[in-house]
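Notes follow the structure.
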Amino acid sequence: LLRAVVLGPPGSGKGTVCERIARSFGLQHLSSGQFLRESLRGGGGECPGPPRAMVALHLQDCGAGDFGSITAVFLPFMTAPFCSGACTGFPRTLGQAEALDRICELDLVISLNIPFETLKDRLSARWVHPASGRVYNMDFNPPHVQGIDDLTGEPLVQREDDKPEAVAARLRKYKDAAKPVIELYKSRGILHSFSGTETNKIWPYVYTLLSSKIPPILSDEEN
């Protein structure tokens with residue numbers, strides 16, 4: 001059983017990396033952002049899919065984010081028999097890391113390091129479909145029809161904290177919260193950092209790292 005975490009600031013491409021990990025290694029991509037939305041709607045928290053060596057969980061950016069509420073919803077889910085395999089984007093704070101320690105021991109942590117200006121540009125161009133959490137970027141992943149979700153035809157919105165004037169404060173908040181988490185995993189010798197401005201250029205290195213831990217079902221070229 002491989003347990004891994006993918007860390008990165010808002011706009012760093014955690015979701016894209018997580019989807020590629022799921023495809024390449026035959027894993028279930030589980031979004032804790034979706035779990036939070038379902039929790040607010042009174043939905044369940046069952047873990048779908050068959051057990052596998054690693055289960056990828058992606059904590060989507062949830063605006064300002066109530067870290068305590070995220071932990072309360074997320075950790076009980078991870079106590080399911082095979083849903084504790086791995087998590088992506090969680091923990092965000094030292095308190096969350098300590099709570100995660102009480103449930104499982106991590107094998108590796110992937111940290112995505114993206115320049116501030118790149119993150120600012122990505123976030124400012126990002127629009128979302130509120131009901132599903134689908135994310136579009138008007139520069140490199142626009143919807144087929146401007147302002148409209150591809151699947152439902154419903155309108156997209158730009159979150160208040162994705163607007164240019166809010167982005168800098170949001171990134172500072174993440175940096176302050178994540179620094180002790182990163183230092184914790186670095187001190188344990190399980191932190192693997194990848195830097196760059198494009199997910200496509202970072203991905204091959206992530207793929208190589210994970211291939212050394214778990215057999216892939218797709219080649220890097222196929223993904």
Side-chain angles (χ1 to χ4, degrees), residues 2-19 21-22 29-40 45 47 54-80 83-116 118-120 122-123 126 128 133 135 159-162 166-188 190-195 199 202 206:
L2 177 70
R3 297 184 175 95
V5 159
V6 177
L7 301 176
S12 61
K14 296 187 300 294
T16 301
V17 168
C18 194
E19 289 169 1
I21 289 174
H29 177 194
L30 304 173
S31 166
S32 58
Q34 183 65 35
F35 299 149
L36 288 171
R37 286 186 290 274
E38 290 179 359
S39 177
L40 291 172
C47 181
M54 173 178 167
V55 178
L57 304 170
H58 169 218
L59 177 63
Q60 297 198 4
D61 301 321
C62 302
D66 181 335
F67 292 141
S69 297
I70 290 170
T71 305
V73 171
F74 198 44
L75 289 186
F77 168 82
M78 291 183 64
T79 61
C83 286
S84 59
C87 43
T88 317
F90 181 98
R92 291 187 178 187
T93 69
L94 187 58
Q96 289 179 349
E98 292 169 345
L100 184 59
D101 276 346
R102 292 192 288 271
I103 290 178
C104 66
E105 181 178 350
L106 296 178
D107 298 302
L108 64 90
V109 175
I110 295 169
S111 177
L112 303 179
N113 301 320
I114 313 298
F116 174 83
T118 299
L119 294 173
K120 185 173 68 173
R122 285 183 186 178
L123 291 171
R126 186 163 74 170
V128 300
V135 177
R159 295 192 313 227
E160 288 297 322
D161 54 4
D162 278 346
V167 168
R170 186 178 176 191
L171 293 175
R172 282 197 299 271
K173 180 179 180 180
Y174 170 84
K175 182 178 180 181
D176 291 343
K179 184 176 179 179
V181 178
I182 291 172
E183 289 299 322
L184 172 67
Y185 294 135
K186 183 178 180 180
S187 69
R188 294 181 181 175
I190 60 173
L191 182 73
H192 302 264
S193 297
F194 301 95
S195 302
T199 301
I202 293 175
V206 175

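At a threshold of 4.5 Å between non-hydrogen side-chain atoms, the residues V17 and I202 do not count as touching. Counting heavy atoms from C-beta outward, V6 and C18 have side chains that stay 4.5 Å or more apart. For the pair D162 and R170, the minimum side-chain heavy-atom distance is below 4.5 Å. You'll find the side chain of L184 reaches within 4.5 Å of the side chain of L94, heavy atoms only. Proximity of Y185 to P91: side-chain heavy atoms (C-beta onward) are separated by under 4.5 Å at one or more points.
Rounding to the nearest 0.5 Å places CG of L123 at 10.5 Å from OG1 of T118. Interatomic distance, E105 CD to L100 CG, rounded to the nearest 0.5 Å: 11.0 Å. Rounding to the nearest 0.5 angstrom, the gap separating the CZ atom in R126 from the CG atom in D161 is 8.0 Å. We find the CD-OG1 distance between E19 and T199 to be 10.5 Å, quoted to the nearest 0.5 Å. Expressed to the nearest 0.5 Å, how far CD1 of I114 lies from OG of S195 amounts to 7.5 Å.
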side-chain contact (heavy atoms from CB on, under 4.5 Å), that's the test. Do V167 and L119 meet it? Break it down for me. CA-CA 9 Å; V167 168; L119 294 173; 6.0 Å; no

Are V109 and K186 close enough, and set up right, to give a side-chain contact (heavy atoms from CB on, under 4.5 Å), and what steps lead you there? CA-CA 9 Å; V109 175; K186 183 178 180 180; over 6 Å; no

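Heavy atoms only, all atoms of each residue included: L112 and S12 are closest at CD1-O, 3.8 Å. Taking every heavy atom of both residues into account, I182 and S111 meet most closely at CD1-OG, 4.2 Å.
R188 and D101 are joined by a salt bridge, as a carboxylate oxygen and a charged side-chain nitrogen come within less than 4.0 angstrom of each other.
Although no hydrogens or angles enter the test, the distance criterion places a donor-acceptor pair under 3.5 Å between the side chain of Y174 and the main chain of G8.
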